[in-house]
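Working notes, beginning with the structure itself.
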Amino acid sequence: MAQLCENCVKLLQDFVSLVKRMSSSLIQNIKEYLILISECSCLKRKSSEARQLYKPVLQPHEKEMVQEFLQHIETGFEMSPFGKDSLEALRTLAFSENPDLQQSAALYYLHMSQHLNTQLPAEHLEPYYALLQSSDMEVQQMSSLSLVNFLLEGNINKELVVQMGLLEPILELLESGDSAVQCNSCACIMTLAVSESNREAIGSAGVIPLLALANSYDPRVQQNAVGAIHNLTRSERIQQVLCREGALPVLILMLESPDSEVQYYSCAALSNVAANSQHHEAMLRVGDRFLLRTLISLLSSSVDKVSRQACVCLRNLATSVNIQADIVMDILPKLLSLLASSNSDVQQASIALLWILSQHPANQDALMHGEVLQNLGMLLLTHQTVPGIVGHTACIIKNLSFCKNVQRIIESPCVEGLLQAILSTEIQEESLNYVTCSLAELAKHEGATLHLLEWMNGPLIKRLVRLAGQREHTEPSFQAASVVRHMICHDKVRSLLKCHMEEVQHYLMNFLNHQEIRFQQLGISTLGKLLEDPEFSSAFSQSQLIEHLEQIRQQTEETQELLKMVISRKGS
């Protein structure tokens, strides 16, 4: 066997020495790190470990209270589950240092939260302060769950929970290491945040733990955390707080969650924030308009409430014109699909988004797509009792009623839909206002007037005259009379109006006496056209209408003379 030379032997000896020195140093370093870790508070014995070595001795008053409490449960539970005796017992158990006694109190509350059908007395919230701050994990789990149950069932006044100081321990539980406790505490915050005053209190206490739990790997915790954030965004002040603490990137990323509940809550929260245009720039800055691309994608969601909320968020964002230019072409195909949805809420959200887009002239060419008009007309024909659909659809048609678009509109079911809506006895007043405005706008164009003439009949003329004559709602009155004015140059319409001669005189007299100039002018213009017809001229000559018209003429001449005098003096 070959032997090493002196040089190699020396190298090996040096290597062995080096290894020994390194080993000694490494072992010393390991010892030092282990000592530092062992001294950290996170490895100090938990209460559960301490209990194995030390069990708190029951105090005499605790023993007595336990016996009375057990007796109460056996004999008086059904009669008075929250009487004075049970309250004293619960206080003693809850504030005890013995975790087993605290568990008894927490279990009692949990049982009652599942069966109580009345209000929980306010004083019975006091033991919760101790239970929620217990060092025992099971007590935290049961007490937080029972509190959630009471809140969801309406057994507790939400504002009272905060007023009695329970918000602080609930918020502390957000930072628990147990996912069940985190889930329950998030659910508490989510429910409490329904109240406006509670939202302000929660926002002032801090929202960072909620934002952290929105990224939880536990889907239950994540759902409740994002749901709580959603409710908090109902407050404009807390929107500012959330945005300042970095909520926008968190919520926007949650839109891609595989959980539809998380998608819905995050989208709804972003919709609330987007209602304030001051946040638009910050929202779009995240990921170079990543939000818009994700929302457009969510329009195709198979979950109705998610696609509906995506519509709402896009609608709030689309109040900024520059955003409309980025989305109009991409969302139209998806909106057409949503307009045909069987879910009325989805249809209303999509039609509201279309309405926002229709307000910007640059979008009109895209919106004049044949399928869009076809869908709008069908919605009017099939949803005459849904204000959100009828009103927004009528507004869209009005916004599109430019001369170059009229032919396409009258070729669609839109006009028929508007006329059917105005004849409906179930249409609501606000919707009727929008429908009459849309018809009046269309009637300004000759092509539309000729098309309307084909649909004009006795019931429709009667409805228009009745609307013009009512005084309670001025706008539908004016717009209905405007439609009549644009149609009376046609013999068919004048012939139909002759069946309602007295009602026509009545509304014209109202218009001439109206305080608004536009009503007076419309009344005079309509009267002038009707006087061209011999029958109307004969009938009106015997009425006070002509006499009142003469008075207006004289007043106008006097006003003109006064104006001339004032103007001439000013000039001199």
Side-chain angles (χ1 to χ4, degrees), residues 398 401 418-419 422-423 427 429-430 432-446 448-449 452-453 456-567:
K398 177 179 179 292
S401 295
L418 290 171
L419 294 175
I422 203 172
L423 287 170
I427 188 171
E429 200 61 47
E430 187 177 5
L432 182 62
N433 180 21
Y434 296 130
V435 169
T436 52
C437 283
S438 185
L439 282 171
E441 190 65 32
L442 279 171
K444 295 176 181 178
H445 305 281
E446 185 178 356
T449 303
L452 286 170
L453 191 62
M456 202 59 65
N457 55 28
L460 183 55
I461 279 291
K462 181 179 180 180
R463 175 67 165 158
L464 290 170
V465 171
R466 290 278 173 86
L467 285 173
Q470 55 91 26
R471 295 186 177 185
E472 295 82 7
H473 307 284
T474 57
E475 200 58 37
S477 171
F478 180 84
Q479 300 299 344
S482 181
V483 174
V484 172
R485 165 64 187 84
H486 288 294
M487 302 291 294
I488 54 175
C489 57
H490 299 282
D491 293 338
K492 179 181 179 180
V493 175
R494 286 201 298 270
S495 177
L496 290 169
L497 283 173
K498 289 173 184 176
C499 299
H500 309 282
M501 194 83 74
E502 289 186 9
E503 289 179 89
V504 171
Q505 289 187 55
H506 175 72
Y507 91 69
L508 287 177
M509 181 63 78
N510 290 339
F511 277 35
L512 294 178
N513 287 318
H514 205 282
Q515 292 182 346
E516 288 189 55
I517 296 295
R518 60 173 182 150
F519 279 85
Q520 296 175 18
Q521 292 175 341
L522 180 57
I524 293 170
S525 174
T526 304
L527 182 56
K529 280 292 180 183
L530 290 175
L531 288 174
E532 295 175 2
D533 183 274
E535 288 188 48
F536 276 106
S537 179
S538 175
F540 290 171
S541 64
Q542 306 299 322
S543 70
Q544 295 181 344
L545 205 55
I546 302 300
E547 182 180 338
H548 190 71
L549 193 63
E550 178 61 26
Q551 292 176 359
I552 292 176
R553 186 189 65 78
Q554 292 177 1
Q555 291 172 356
T556 304
E557 288 180 352
E558 292 173 1
T559 302
Q560 288 178 340
E561 289 298 323
L562 289 171
L563 285 171
K564 287 179 182 178
M565 180 179 66
V566 171
I567 291 171

*Given side chain to side chain contact (heavy atoms under 4.5 Å, CB included), test R463 with L467 step by step and report yes or no.*
CA-CA 6 Å; R463 175 67 165 158; L467 285 173; 4.0 Å; yes

*Rounded to the nearest 0.5 Å, how far apart are CG of L545 and CG of L531?*
8.0 Å

*In terms of ring plane angle, is the pair F519 and H514 parallel, tilted or perpendicular, where the classes change at 30° and 60°?*
parallel

*F478 ring centre to R518 NZ or CZ under 6.0 Å, with the angle to the axis within 45°?*
yes

*More than 12 heavy atoms of other groups within 6.0 Å of E502 CD*: no

*Taking all atoms of both residues into account, what is the closest heavy-atom pair of S401 and H445, and its distance?*
O-NE2, 3.0 Å

*For atom CD of E430, is the number of surrounding heavy atoms from other residues, nucleotides or ligands below 6.0 Å larger than 12?*
no

*Residue E429 excluded, over 12 heavy atoms near CD under 6.0 Å*: yes

*asked:* Testing the basics here: between E535 and K498, what is the closest heavy-atom pair and its distance to 0.1 Å?
replied: OE2-NZ, 3.2 Å

*Quick one: closest heavy-atom pair of L497 and F536, and the distance?*
CB-CZ, 3.8 Å

_Value rounded to 0.5 Å, distance of CG in L432 from CD in Q479_ = 10.5 Å

_How long is the straight-line distance from CG of L496 back to CE of M456, given to the nearest 0.5 Å?_
8.0 Å

_Minimal non-hydrogen separation, K492 against L453, with atom names_ = NZ-O, 2.9 Å

*Sub-3.5 Å donor-acceptor pair from the side chain of S541 to the main-chain atoms of S538, do we have one?*
yes

*asked:* Below 30° counts as parallel, above 60° as perpendicular, anything between as tilted: where do the rings of Y507 and F511 land?
replied: perpendicular

*Between F540 and M501, which heavy-atom pair has the shortest distance, and what is it?*
CE2-SD, 4.4 Å

*Audit row: L460, I422, side chain to side chain contact (heavy atoms under 4.5 Å, CB included) steps and yes/no*: CA-CA 8 Å; L460 183 55; I422 203 172; 3.8 Å; yes

*What do the steps show when you test L439 against L464 for side chain to side chain contact (heavy atoms under 4.5 Å, CB included), and what is the final call?*
CA-CA 11 Å; L439 282 171; L464 290 170; 5.5 Å; no

*Hey, could you give me the OG1/CD distance between T436 and E475, rounded to the nearest 0.5 Å?*
7.0 Å

*Kindly check if the number of other-residue, nucleotide or ligand heavy atoms within 6.0 Å of CD (E446) is above 12?*
no

*First locate atom CG of L419, then atom CG of L423, and finally report the distance between them rounded to the nearest 0.5 Å.*
7.0 Å

*How long is the gap from CZ on R466 to NE2 on H506, to the nearest 0.5 Å?*
11.0 Å

*Minimum heavy-atom distance Q520-L512, with the two atoms named*: CG-O, 3.8 Å

Would you give me the side-chain donor-acceptor pairs under 3.5 Å for residues 480-489, sequence neighbours excluded?
residue : atom : partner : partner atom : Å
R485    : NE   : S525    : OG           : 2.6
R485    : NH2  : S525    : OG           : 3.4

